[in-house]
Amino acid sequence: MAKHFHLNTPLLESLSMTKYVGTSVYLKMENSQPSGSFKIRGIGHLCQQLAKQSKGVVCSSGGNAGMAAAYAARKMGVPATIVVPSSSPQLVVQRLQDQGATVKITGRVWDDANAEALRLAETEGLTYVPPFDHPLLWQGHACMITEVAASLGPGVKPGAVLLSVGGGGLLCGVIQGLKDVGWTDVPIVAMETVGADCFNAAVKAGRLVTLDDITSEAKCLGAKTVCKKAFEYSQSSELTIISELVTDQQALCAVQTFLDEERVLVEMACGAALAAVYSGLIRGLQDEGRLPTLLGPLLVIVCGGSSVDMEQLTHLKHKLQT
Ligand code: PLV
C-alpha cells in the first residue's frame, strides 16, 4: 500500500489576486488532492493509523471528509459508510457512491449525521472517522505547511495565512504545521460564512458556542460547534488568529471570480476564504492595522471541495440572487 494517500500539491503564484492584496499571493492548491480537498491529508493519516484491521469505517460529513474517508477506505480494501445530512447536495451522494461507499442520509445538519455515525460505530463495531476533531487529523493536515516551506525555499516566510473554518480541523492542522516549521508568528485569517460561524461566535463569546442552526449555503462549514482545540488556539497569546465573516453572496461571488481568473472550480466552503481577497477584506485589515502590511506573500489555502458542479453553481446563483 502507498505510504500515504495525499499528493504534494502545487503552490501557484496568483498575479490576479496580487492586484487585490497589494503583495504577492500564493495558492496552495488542495483542490487537486485525490478526494478533491485537503481532507485526505488528515483522514488518510488517521485511517492508516486506526483502520488497518477494521471491519469498516464510518464517517459523518458535510461531504468532503466523507470523500476522503471513502477514498482511503477503498485504497485500503475496507468498507466505508458515510453519513451525510439532507442538506448535502445529491451530487455529493453520487460522488461518494462512485467511491464505493455506502451513503446514509440522516438529519438536517452535520451534527445530526454525526450522532448517527457515532451510533453506528458503537452498534456495528465500525471505526469512527471524525471529520475535524482529532489530533491525528491535525497531524496529517500539518504536512501542507511543510510542503509550502519547501516550495517557497529558505528565507521566504508568508506574511499571513488565509483559510476557511468549519469545525476547525484545518485551522488546527495549519497551526500544527506552522509550529513544525517555526512560523508561529505568521498571522492567520480564519474565514467563515454568516450562518456557519461557530468559530467566530466562540471567539466573540470567549467560550465554545453551539449555534441554533446552520443557515449558510456553505454546508461544508456547517458544524454547530467548533472543536475545543481551535477555540483554545484562539485564546493563545502566542498566535494571531483573526476571525472574520463573509456573506454567502460574497463566498459565491468569490467562487465565480476564482473560476474566471484561476480557471478552477471550488465549493462555497472554499469561497469563504477566497472572498477575503476579492471583497477587499484583507486590504481592509491591513489598512486598519489589524494585519501588518504584508511583507511576505499571502498564503491562501485553496481547500477545494467536491460539492460543486455547473448545475449546483447555477442553483446557488439563483437561490442567492448573485
Ligand atoms: N468540511 C467537513 C465538515 O463539514 C466535511 O465533513 O467535509 N473546506 C472544505 C472544502 C471542507 O469540506 C471543510 C470541512 C472545510 C473547508 C473546513 O474544515 P474544518 O472542518 O476542518 O474546519 C461540516
Side-chain angles (χ1 to χ4, degrees), residues 28-33 35-43 46 58-71 82-85 87-89 92 95-96 101 103 107-114 117 129-142 144 162-176 188 190-193 195-200 202 211 214 216-231 233-234 241 243 251 254-255 258 264-275 300-308:
K28 185 63 173 159
M29 301 299 280
E30 291 297 293
N31 61 293
S32 58
Q33 289 291 357
S35 68
S37 79
F38 73 98
K39 291 266 175 188
I40 190 62
R41 292 184 186 266
I43 287 181
L46 180 135
V58 60
C59 176
S60 56
S61 178
N64 295 310
M67 284 295 292
Y71 179 85
I82 313 299
V83 190
V84 298
S87 56
S88 293
V92 170
R95 283 179 179 168
L96 287 167
V103 181
R108 258 185 355 95
V109 297
W110 171 80
D111 297 71
D112 306 333
N114 190 45
V129 178
F132 53 77
D133 193 3
H134 199 290
L136 287 172
L137 298 178
W138 312 329
Q139 197 182 27
H141 295 334
M144 186 189 309
L162 175 60
L163 48 72
S164 304
V165 176
L170 176 59
L171 175 64
C172 291
V174 164
I175 291 171
Q176 180 64 53
I188 300 170
M191 298 301 302
E192 296 168 287
T193 49
D197 46 0
C198 61
F199 181 62
N200 190 261
L211 303 176
I214 301 299
S216 168
E217 290 300 325
K219 298 302 175 194
C220 274
L221 300 184
K224 285 195 200 172
T225 320
V226 79
C227 70
K228 190 158 156 273
K229 187 77 177 173
F231 173 67
Y233 278 140
S234 77
I241 306 175
S243 165
V255 168
F258 197 70
V264 173
L265 182 58
V266 295
E267 68 172 69
M268 290 274 285
C270 183
L274 306 176
V300 182
I301 309 296
V302 182
C303 46
S306 292
S307 308
V308 66

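Atom set for the values below is all heavy atoms of this structure, side chains included, hydrogens, waters and symmetry mates excluded. Both counts, for ligands and for their atoms, begin at 1 and track the order of listing. All residue numbers refer to positions in the sequence shown, counting from 1.
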Q) Glu217 side chain to Met268 main-chain N or O, any donor-acceptor pair under 3.5 Å? A) no
Counting both backbone and side chain atoms, is some N or O of Gly62 under 3.5 Å from an N or O of ligand 1?
yes
Under 4.0 Å from one or more heavy atoms of Gly63, ligand 1 contributes atoms 6 (O), 7 (O)
| said: Taking distance alone, with N or O pairs closer than 3.5 Å, would you say Leu170 contacts ligand 1? | reply: yes
Counting from 1 in the order shown, the ligand 1 atoms closer than 4.0 Å to a non-hydrogen atom of Cys303 are 8 (N), 16 (C)
Correct closest heavy-atom pair for Trp110 and Pro85 would be N-CG, 3.7 Å
In Leu163, Leu170, Asn64, the residue satisfying side-chain contact (heavy atoms from CB on, under 4.5 Å) with Cys303 is Leu170
From the list Ser164, Ser307, Ser37, side chain to side chain donor-acceptor pair (under 3.5 Å) partner of Glu267 resolves to Ser307
For Cys220 and Ala269, the nearest pair of non-hydrogen atoms, with its separation, is CB-CB, 3.9 Å
Per-atom filter on ligand 1: closer than 4.0 angstrom to a heavy atom of Gly169 are 19 (P), 21 (O), 22 (O)
Among non-hydrogen protein atoms, atom 10 (C) of ligand 1 lies closest to Asn64 ND2, 3.3 Å
In ligand 1, the atoms that come under 4.0 Å of a heavy atom of Ala269 are 8 (N), 9 (C), 10 (C)
Please state whether Phe38 comes within less than 4.0 angstrom of ligand 1, counting heavy atoms only.
-> yes
One finds that the ligand 1 atoms under 4.0 Å from a non-hydrogen atom of Gly168 are 19 (P), 20 (O), 21 (O), 22 (O)
Among Gly167, Ser307, Gly271, Ser37, the residue with a heavy atom nearest to atom 20 (O) of ligand 1 is Gly167
For Leu137 and Pro130, the nearest pair of non-hydrogen atoms, with its separation, is CD1-O, 3.2 Å
Note: ligand 1 atoms sitting under 4.0 Å from heavy atoms of Ala65 are 5 (C), 6 (O), 7 (O)
Of all heavy-atom pairs linking Ala251 and Thr193, the shortest is CB-CG2, 4.0 Å
Sidechain-backbone polar pair: Ser87 side chain, Arg108 backbone, donor-acceptor under 3.5 Å
yes
Among Cys220, Cys227, Gly166, Cys59, closest by heavy atom to atom 13 (C) of ligand 1 is Cys220
Atoms of ligand 1 under 4.0 Å from any heavy atom of Gly304, numbered from 1 in the order shown, are 10 (C)
Show, in sequence, the C-alpha distance, side-chain angles and deciding distance for Tyr233 and Trp138, and conclude whether the ring pair (Phe, Tyr, Trp, His ring centres under 6.0 Å) test is met. CA-CA 13 Å; Tyr233 278 140; Trp138 312 329; 7.6 Å; no
Can you tell me if Val165 contacts ligand 1 (heavy atom of the residue under 4.0 Å from the ligand)? yes
Checking heavy atoms under 4.0 Å, the part of Lys39 that sits near ligand 1 is side chain
A student checking ligand 1 against Ser61 at a 4.0 Å heavy-atom cut-off should list atoms 5 (C), 6 (O), 7 (O)
On a heavy-atom basis, the closest approach of Ser35 and Ser306 is O-OG, 3.4 Å
